Asker: 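Once you've had a glance at the structure underneath, I'll fire off some questions.
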Amino acid sequence: MSESQFFEDVWAVVRMVPRGRITTYGAIAKYLGATKSSRMVGWAMNASHFRTDVPAHRVVNRNGLLTGKNHFESADSMALLLNAEGILVVNDCVVDFKKHFWDPEDQL
DNA sequence: GTTTTGACGGCGG
DNA sequence: TCCGCCGCCAAAA
């Protein structure tokens, strides 16, 4: 494996996120047993750019803020994608974040 | 080789 | 409740 297994695990979890739902870096990190390593999840997302099957737009921080929107093709593409899935985004923040939140542990 | 930074979040004060 | 420090670890400077 060229990349760390951790990265691939992160991508696997992100792929599980249902359409119209979102999750957080911390939730993914916790699911992988590395609660404090939420930063690495962010790195994994950055590395997921060459992976078209990883819906990174469904991953936001715990505040529901689109912290990674600046890393997308366009600054607004992330909010646009979420909006297309029925998730309302205002001021780079997900409306009813808690309502759309999807916890990977819920999949267990 | 060392230091800083980064798509975060938990914990302490 | 709000503010600030710490941890985690990989990549870039």
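Model, not experiment: these values are computed from the prediction. Below, chains carry the letters A, B, ... as their sequence lines are ordered, and counting in each starts from 1.
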Asker: So, is A:Thr67 near the phosphate of B:dC8, with a side-chain N or O under 4.0 Å from OP1 or OP2?
Answerer: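 So the side-chain polar atoms of A:Thr67 do come within 4.0 Å of the phosphate oxygens OP1 or OP2 of B:dC8, strictly under.
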Asker: Could you check how far NE2 of A:His71 sits from P of B:dG6, rounded to whole Å?
Answerer: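 A:His71 atom NE2 is separated from B:dG6 atom P by 9 Å.
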Asker: Using a 4.0 Å heavy-atom cut-off across all strands, classify A:His57 as base, sugar-phosphate, or nothing.
Answerer: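 Nothing, no heavy atom under 4.0 Å.
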Asker: So what does A:Ser37 touch, heavy atoms closer than 4.0 Å: a base, only the sugar-phosphate, or nothing?
Answerer: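 The residue A:Ser37 makes sugar-phosphate contact but no base contact.
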Asker: Between C:dC3 and B:dA7, how far apart are the two C1' atoms, rounded to whole Å?
Answerer: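 Straight-line distance between the two C1' atoms is 23 Å.
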Asker: May I ask you to say what A:Asn46 touches in the nucleic acid, namely base, sugar-phosphate or nothing, with a heavy-atom cut-off under 4.0 Å?
Answerer: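 The residue A:Asn46 makes base contact.
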Asker: Of the listed nucleotides (B:dG9, C:dA10, B:dA7), which one gets closest to any side-chain atom of A:Ala56?
Answerer: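 The closest nucleotide is B:dA7.
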Asker: A:Arg39 side chain: which of B:dG10, B:dA7, C:dC8 is closest?
Answerer: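 Nearest to the side chain of A:Arg39 among the choices is C:dC8.
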Asker: Can you tell which of C:dG7, B:dA7, C:dA10 lies closest to the side chain of A:Met40?
Answerer: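 Selected nucleotide (nearest to the side chain): C:dA10.
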Asker: Given atom CE of A:Met45 and atom C1' of C:dC8, what is their separation to the nearest angstrom?
Answerer: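 Checked: the CE to C1' distance equals 17 Å.
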Asker: Does C:dC8 have a Watson-Crick or wobble partner in any strand here, with both distances under 3.5 angstrom, and which is it?
Answerer: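 Check on C:dC8: unpaired, no WC or wobble geometry under 3.5 Å.
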Asker: Can you measure from NE2 (A:His71) to CE (A:Met78) and round to the nearest 0.5 angstrom?
Answerer: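 A:His71 atom NE2 to A:Met78 atom CE measures 10.5 Å (nearest 0.5 Å).
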Asker: Among A:Ile22, A:Val60, A:Asn61, A:Val59, which residue meets the side-chain contact (heavy atoms from CB on, under 4.5 Å) test with A:Leu66?
Answerer: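 Of A:Ile22, A:Val60, A:Asn61, A:Val59, side-chain contact (heavy atoms from CB on, under 4.5 Å) with A:Leu66 is met by A:Val60 alone.
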Asker: Determine the interplanar angle of the A:Phe7 and A:Trp11 rings, folded into 0 to 90°, and report it as parallel if under 30°, tilted if 30 to 60°, perpendicular if over 60°.
Answerer: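 Rings of A:Phe7 and A:Trp11: perpendicular, over 60°.
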Asker: Measure NZ/A:Lys30 against C1'/C:dG7 and give the value in whole Å, please.
Answerer: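 Rounded to the whole Å, the gap is 17 Å.
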Asker: Between P on C:dA10 and CG on A:Asp9, what's the gap in Å once rounded to a whole number?
Answerer: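 These atoms are roughly 14 Å apart.
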